[in-house]
Amino acid sequence: MSGIMRIGTIISCLLLQGAAAFAGLHPLEKGEALLIDEKADIFLVVQVSEDAHETPESIVRRYTSDLPRDRLAVILEDRQPADPINIPWTNLVSKVKARILLDLFPKDRPLQNKGWVHVVVYSDESFNLLSRLFHGDDDLILDLFTRLGRDIHTGDTLVLEKQDMTSGLADNLFKQAEARAIPIYEKSKPAGKQVQGEISEDDEILDQDIGANKMTEVHSTLYKAREKAIFLPRPKDGLLYKKDKNGELFTEYKVRKGNSLYSIAKRFTGRKKPSRINAAVRVIQRASGFRKAASIRPGDIVVIPVSLLGQDYKPPASPPASSTCHGKFPKKKGPLTYYRLKDGRVEARYTLKKGEALYSAVVIRFTGRLRAKEVNGLAMLIARYSGIKDVTKIPAGATVRIPIDYLDDPWHPCPAQPGAEVAEEPAEPEPVPPAAKGEASGFHFILDPGHGGIDTGALVAGMPEDEYAYDIATRLKRHLESAGGIVHMLLYDKKQKYVPRNVAYLRMDRNEVLLTRPRWFPNNPRRAVMVRVAMVNQILRKLIREKRISPEKIAFLSVHLDNLHPSVKGSFVYYPNKVMRRRRLSLGSGLLRRLFKAVDRRLEFNARFLARSQKESRSMAYRMVRALKAAGFPMTRRPVRYKIYRGRRVFSPAVVRYSPVVRALLLETFNLANKKERTILASPGQRELYARTVGDALIAELKSKKGLSLPPMEKDRGSPRFPKRRSRRKKRHLKKR
């Protein structure tokens, strides 16, 4: 699935020897290349010089100026000594950006110090690419599309106003254009007739560097090169997929210093057992034509059959055919209509309405995909499956065909598995009255601010997820305690403590620790999840066994932010689903032994508990969503979900999947990729209102369930301590006795 998702988001990048070229057309300075990966993220690739005075850190500083040390470490991590340096476009200083843009687009001209004239030179250019190059993010896409009224093609001319570019970039573009003696573009028509911001083809652009014949020749060569290079999943690995005489796919890898066939096979096949790696080495050796495995040298080309590649390096498959539904299925469900084709396959069809886009109206709504990379890739796949050539020119009333393999549970025509959601419940606004003082008396709330420590979570436009999640959680804690509730926090910021910060932009730090004994700095995201589950289990056992608190008075909430498709808005609430939960979970590890004096080693959930937890958590989720919508916060379709799509993986969040608390939720508060959501998040008043609304919804839900009898979570085994480990020598001595 992940390979298929990448098709729609890839822009080719070809690197030349000595110099590099964007789309293989125009070179930059020696040792530089502009690279665009499968996520459409832009990087400046800089080859490290052999000068002894030049270090990777000094090279990055030359292009980025005052870059924080943590960001510098991220750029240089996992980099081999011979590898080039990939510097994100957003980290480059405006002076470097302006120089690169003038090199890439030789036809561009200043426009009377009021704007910038951009001429589309390369066939790879798109509104998305121009938005990221000139503006820094995707917020400019809709404005450009509205001005032109259609997609852009080679030879089109656009006028970018100064507000369309970052201020530093605009100033440097004009200065460097003046230094290079680039003439100012003069309009041949009055400004009043330029309504759409488009310059007609009759207008003349001075000093054109590339003639029409040469452009046609270059594009023809580029097209032939693309037929050979099928897919570039990881540009840093230098993989290109090709077909042999029999039509079989293979990939080539250029051997670097220090590589061996064993290390190459282990890296690209994903195999772990030495016997399986050695078997792959023999296959690669025969395919590459090496007499001995140890005879490879730097610069040799290693041929790897696609059948050996691991999941991370698999090429995309062709769009899969829709699966079949055995037996009867509904002809219509909501706006979708289902058809059985002649070969027995079933597909769903949807008619686009005026103003609807394929991304939001179809992919996000019906498939459950939310990440930008997956939404864009699946939109392109569905467009090809439906015979749509241009996703930006879909007329109203067009029919979109959707393979049912990609439909989410509420829209799948086949009978859903037990416990899965089968209907889309609307989130009607339902205001929750503010909690009065003492109204939450006797209620216990376990709050988990997401990420923290070395794991910052999502980072968009300088806004780190962990800092804002912690700020919202501290506001929620203060509100719940003011209503009489007792709050148990899992995370603690040693500098901020539990005091909310009334500033728009929160600085990223690493002061957070998990409140274990002793306190633990989260230096590993996977281990942090396991420690959080153990902490929740320990708090719950203490409340139920020692303080005799009823489970119906306890709720668990994990607070996060997300980085989704820019068109997604509003909160998402994830609840535990009984089908996706394990009946048993082992928590035994050396780390837990050091952090906890006593903790249950195993969690066992019976069927009654799982069914009740799903029902009660889902009820609390819908109450929270309706309250947020009534408070004026934006809300998307289906804000209540139980599973997440990540490429080929479909899973439920671990903190709620393994939670021993009956009512457990994970709240994705805002989408950092959406500019309007970031504006709301930057307001301390809006963060306070959001936290109060969530707190009132939690209190109202617990109040409505008073007197409810809840099933036991598991068999009462007590709380066993970890036994002391005996040495192997002592065990052998006991056996001899």
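Hydrogens, waters and symmetry mates are skipped; everything else that's a heavy atom, side chains included, is used. What you are looking at is a predicted structure, and each value in this text was computed from that prediction instead of being measured.
- Using modelled atom types, one finds a donor on one side chain and an acceptor on the other under 3.5 Å when comparing Ser571 with Tyr690.
- At a threshold of 4.5 Å between non-hydrogen side-chain atoms, the residues Gln496 and Asp471 count as touching.
- The shortest distance between side-chain heavy atoms of Val694 and Thr669 does not fall below 4.5 Å.
- Side chain of Arg369 to backbone of Tyr406: a donor-acceptor contact under 3.5 angstrom is found.
- Between Pro653 and Tyr574, the closest heavy-atom pair is CG-CB, 3.9 Å.
- For the residue pair Asn671/His565, the side-chain donor-acceptor check at 3.5 Å is not satisfied.
- Closest non-hydrogen pair, Pro84 versus Val45, comes out as CB-CG1, 3.5 Å.
- Judged as a side chain to side chain contact (heavy atoms under 4.5 Å, CB included), and not counting sequence neighbours, the contacts of Val46 are Leu44, Ile59, Tyr63, Ile87.
- Taking each heavy atom of Leu407 and Ala348 in turn, the nearest pair found is CD1-CB, 3.9 Å.
- For the pair Gln686 (side chain) and Leu681 (backbone), a donor-acceptor distance under 3.5 Å is absent.
- Atom-to-atom distance recorded for Ile472:CD1 and His560:NE2 is 11.5 Å, nearest 0.5 angstrom.
- Asn172 is not listed as a side-chain neighbour of Val93, based on a closest heavy-atom distance of 4.5 Å or more.
- Within the 4.5 Å cutoff, no side-chain heavy atoms of Phe366 are placed close to those of Val400.
- Here the shortest heavy-atom pairing between Glu430 and Arg623 reads OE2-NH1, 4.3 Å.
- For the pair Thr351 and Glu356, the tightest heavy-atom approach, listed with the atom from each and the gap, is O-OE1, 4.4 Å.
- Each of Arg507, His451, Arg501 was compared with Glu467 under the side-chain hydrogen bond (donor to acceptor under 3.5 Å, both in side chains) criterion, and only Arg501 meets it.
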Using the side chain to side chain contact (heavy atoms under 4.5 Å, CB included) rule, take Glu465 and Asn563 through it: C-alpha gap first, then chi angles, then the decisive distance, then the call. CA-CA 9 Å; Glu465 175 184 355; Asn563 181 12; over 6 Å; no
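- Contact record, Leu665 with Ser617: CD2-O, 3.3 Å, taken as the closest heavy-atom pair.
- No side-chain heavy atom of Lys643 sits less than 4.5 Å from a side-chain heavy atom of Asn577.
- A donor-acceptor pair is defined here as one N or O able to donate and one able to accept, closer than 3.5 Å; no such pair exists between the side chain of Asp408 and the backbone of Pro410.
- Note on ring orientation: taking the six-membered ring where Trp is involved, the planes of Phe633 and Phe670 are perpendicular (angle over 60°, cut-offs 30° and 60°).
- A distance-only check finds no donor-acceptor pair linking the side chain of Tyr350 to the backbone of Pro335 [under 3.5 Å].
- In this structure, the side chains of Leu370 and Ile364 come closer than 4.5 Å at one or more pairs of heavy atoms.
- Of the possible donor and acceptor atoms, none in the side chain of Trp411 sits under 3.5 Å from a partner among the backbone N and O of Thr367.
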